[in-house]
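I have placed the structure first, in the form of C-alpha cells, so that the comments after it can refer back to it.
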Amino acid sequence: MDFKNKSIISLRDLTKEEVEFILQKSDEVKSDKHPDALKDKVMASLFFEPSTRTRLSFESAMISLGGKVFGFATQDSSSVSKGETLKDTIKMVTGYCDVIIMRHPLEGASRAAQEVSSVPIINCGDGSNQHPTQALLDLFTIKDKFKKIDGLNIGLYGDLRYGRTVHSLSMALSHYKVNLYFISPKILQMPDHYKLYLNQCGLKYFEAESLEEVADKLDVIYVTRIQKERFADPEEFVKVAGSYKITLNTLGMLKKSAKIMHPLPRVNEIDTSVDNTEHAIYFEQAHNGIPVRQALLGLVTGGIR
Ligand code: NCD
C-alpha cells in the first residue's frame, strides 16, 4: 500500500484496509522497527489555532525518528496577521519542507491547502469538522486495550455537535461492527449528516440524553469537552456548561472492564479523582499519539512502506 505524498484530510478518504495498515505500521514503530524513518525529512507545523498534544506529539514524533521541524504555534506570529491568504502561505511553505501539518479554525481549510500544496498535508483539526490523526490514535488505543474493535459498545459522550474528534472517530468506527451510543444534551447532538453517513455504512447507533440510560452497556466511554469557542450564541453555551461530569460516583454504573477515554484537554468533564482508577486511559491514549503520528509521517514522506 503506497501512502507516499498522500494527504490525510478526512477519515472519509480512508478505506478500512488503509486504516488497518496505518494501525499496523504504528505497532511496528512502537516496537522500534523504523528508527530512521524520518531522517533528514523536514516538517512544517502550521497552527492557526491553539494546541498542546497534537502539535507537540507531531514535533516529538518527527524529531525522535531523525527529522527536523519548523513552524508557528499561533496565527499572530505568521503573515496571516498581515492579511496573507491561507493558499499563499501554503504555496510558500511547500517550498521549504517535505510535509505540512496544520490546524485551522475554518472547516475545509486543510482541503483548500491540499489543492495548492505539492507536499502532503496532514489535517490536525479544521474547525468543528475533522481531526483524523486523533481518530487513528483513538482506534489504536481501543485495539491495544481490548485486542479487538468489532463487537464493542462505544459511547461518545458530551459535545457531539461541535467536537471534531467524535466526528472523525465515528467515521473511523464505521469500518467495524460496533454499536455506537451518542450521549449528549439535546442541543449538542451528533449532526444529521454524520448520522446519515453512518446509516449508509450500516452502522447501528443509539441516542441518549444521559449516561445513566446506557452506562451499564458500554465498553468505552469517550468523553469530550464542550467546545465553547465554536458556539455562535454564548447564551446557548451557558445552557449546557457543566451539564455532565464523570466522578467516582459515576464509576459504579459502569462495567468493571469499561474504559474511559478523552482526547484532552479536559475542562471539568472528568473529575481528577477518576485518573488513578483502572477505568481511566486518557493519558495513555495521548501518549499513543507518538507512534501513530510517527507512522503517519513516515508513510506520507516515503520513509515507511
Ligand atoms: C481536541 C481538538 O483539538 O479537537 N484536542 C486534541 O487535539 N486532543 C479536543 C478539544 O479541543 O476538545
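Only this structure's heavy atoms are used, side chains among them; waters, hydrogens and symmetry mates stay out. Indexing begins at 1, ligand by ligand and atom by atom, following the structure's order.
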**OP:** Kindly give the heavy-atom pair with the smallest separation between Q189 and S184, and that separation in Å.
**Re:**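 Where Q189 meets S184 most closely, the heavy atoms are CA-OG, 3.4 Å.
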Subject >> Residues in contact with ligand 1, criterion: heavy atom under 4.0 Å >> reply: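 Residues near ligand 1: T54, R103, H131, Q134, R164, T165, R225, Q227, P263, L264, P265.
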Original post:
So is K143 actually on top of Y176's ring, under 6.0 Å and inside 45° of the axis?
Top reply: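 Negative - K143 is either too far from the ring of Y176 or too far off its axis.
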Original post:
Got a salt bridge between K255 and D219, using NZ or NE/NH1/NH2 to carboxylate O under 4.0 Å?
Top reply: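 Looking at K255 and D219, the cut-off is met.
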**OP:** Answer yes or no: is there an ion pair linking E59 with R55, defined by an N-O contact shorter than 4.0 Å?
**Re:**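 R55 and E59: salt-bridged.
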Subject >> Parallel, tilted or perpendicular, as decided by the 30° and 60° cut-offs, for the rings of F237 and F231 >> reply: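 Perpendicular, since the angle between the ring planes exceeds 60°.
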Let me check something: any side-chain donor-acceptor pairs from residues 293-305 under 3.5 Å, sequence neighbours excluded? List them with distances.
residue, atom, partner, partner atom, Å
R293, NE, T133, OG1, 3.3
R293, NH1, S57, OG, 2.8
R293, NH2, T133, OG1, 3.0
Q294, NE2, S64, OG, 2.7
T301, OG1, L297, O, 2.7

